[in-house]
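Structure first, then comments.
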Amino acid sequence: MRLAVAVVCLGLGASVATAVATEQLTSFRIVENKAIPAALTGRPGDAARGLAVAADRALGNCLACHAMPVDQPSQGDVGPDLRGVGARLTEGELRLRVVDPKIVDAQTAMPAYYRVDGLYRVRKDLQGKPILTAGQIEDVVAYLKTLK
Ligand code: HEC
């Protein structure tokens, strides 16, 4: 089995006077460009918190592009309806989707929620920070798993 190891570079700007605070990204292993089998935090997330993160317009903002089984108006249709996604994809596939969907499809419109390098025109105050923390990623994955 071919294993790709994702090594996340930390604090590239650390020696510059204007260094930004970087959340230390945890390293993780991507298997066959398809899945991240192990939880980033080493333990399962919480589905209820994950729903809150996914639905929060200032955090996951998944509703901008996806329909989800929540009672909220204006759900997007740029991406597929997330109902049933927990049956379509494995936990590891779901995790890679949220961490860095560009690995699955380089052309995707979906943002990488746990990545700090190779991004385009990142707001200064957000540079070096992933959109979600490792714990929030795990909570979202736990929520997606419930969408059977
Ligand atoms: C800017 C639009 C956008 C946002 C925001 C977005 N997605 Fe996506 N997502 C997509 C698109 C488009 C796809 C379709 C496949 C592709 O292009 O990669 C997708 C695919 C997916 C898939 C795979 C679905 C399947 O049936 O195979 C999952 C899971 C997913 N997104 C979860 C999320 C979650 C969770 C969030 C919020 C944390 C989110 N997405 C935010 C655009 C988005």
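We count ligands from 1, going down the list as the structure has it; atoms in each ligand are counted the same way. This structure is a prediction, so every number in the text was calculated from the model and none was measured.
At the shortest separation from atom 11 (C) of ligand 1 among protein heavy atoms lies Gly79 CA, 3.6 Å. Summary of contacts: the protein heavy atom closest to atom 16 (C) of ligand 1 is Thr108 OG1, 3.0 Å. When hydrogens are left out, the protein atom nearest atom 4 (C) of ligand 1 is Cys65 SG, 3.3 Å; that is the closest non-hydrogen contact. Protein heavy atom nearest atom 22 (C) of ligand 1, with residue, atom name and distance: Arg97 CD, 3.7 Å. Atom 28 (C) of ligand 1 has as its closest protein heavy atom Leu82 CD2, 3.8 Å. Closest to atom 12 (C) of ligand 1 among all protein heavy atoms lies Val78 O, 3.6 Å. When only non-hydrogen protein atoms are considered, atom 27 (O) of ligand 1 lies nearest to Leu89 CD1, 3.8 Å. Of all protein heavy atoms, the one closest to atom 34 (C) of ligand 1 is Cys62 SG, 3.4 Å.
The nearest pair of heavy atoms linking Leu94 to Gly86 is CD1-CA, 4.4 Å. Across all their heavy atoms, Pro69 and Tyr143 have their closest contact at CD-OH, 3.7 Å. Heavy-atom minimum distance, Arg83 versus Ala67: NH1-CB, 4.0 Å. The two residues Arg88 and Glu93 come nearest to each other via the heavy atoms O-OE1, 4.4 Å.
His66 has its closest N, O or S atom to atom 8 (Fe) of ligand 1 at the position named NE2.
Under a 3.5 Å cut-off, the side chain of Tyr114 and the backbone N or O of Thr26 do form a donor-acceptor pair. At least one donor-acceptor pair under 3.5 Å links the side chain of His66 to the backbone N or O of Pro80.
Atoms of ligand 1 found under 4.0 Å from any heavy atom of Val85, numbered from 1 in the order shown, are 24 (C), 25 (C), 26 (O), 29 (C). Against a heavy-atom cut-off of under 4.0 Å, Pro111 is close to the following atoms of ligand 1: 1 (C), 3 (C), 4 (C), 5 (C).
Contact check for Arg95 versus Glu138: side-chain heavy atoms found under the 4.5 Å cut-off. For the pair Ile137 and Val53, the minimum side-chain heavy-atom distance is 4.5 Å or more. Between Arg49 and Gln136 the shortest side-chain heavy-atom distance does not fall below 4.5 Å. Looking at heavy atoms from C-beta onward, Leu63 lies in side-chain contact with Met68 at the 4.5 angstrom threshold.
For atom 33 (C) of ligand 1, the candidate residues are Met110, Glu93, Arg95; the nearest heavy-atom contact is made by Met110.
Under a 4.0 angstrom heavy-atom cut-off, Ala64 registers as lying outside contact with ligand 1. Proximity of Pro80 to ligand 1 is established by a heavy-atom distance of less than 4.0 Å.
On a distance-only criterion, Asn61 and ligand 1 share no N/O pair closer than 3.5 Å.
Under a 4.0 Å N-O distance rule, the pair Arg123/Asp125 qualifies as a salt bridge.
Of the heavy atoms in Ala54, none comes closer than 4.0 Å to ligand 1. The side chain of Val140, and not its backbone, has at least one atom closer than 4.0 Å to an atom of ligand 1 (non-hydrogen atoms only; side chain from C-beta on).
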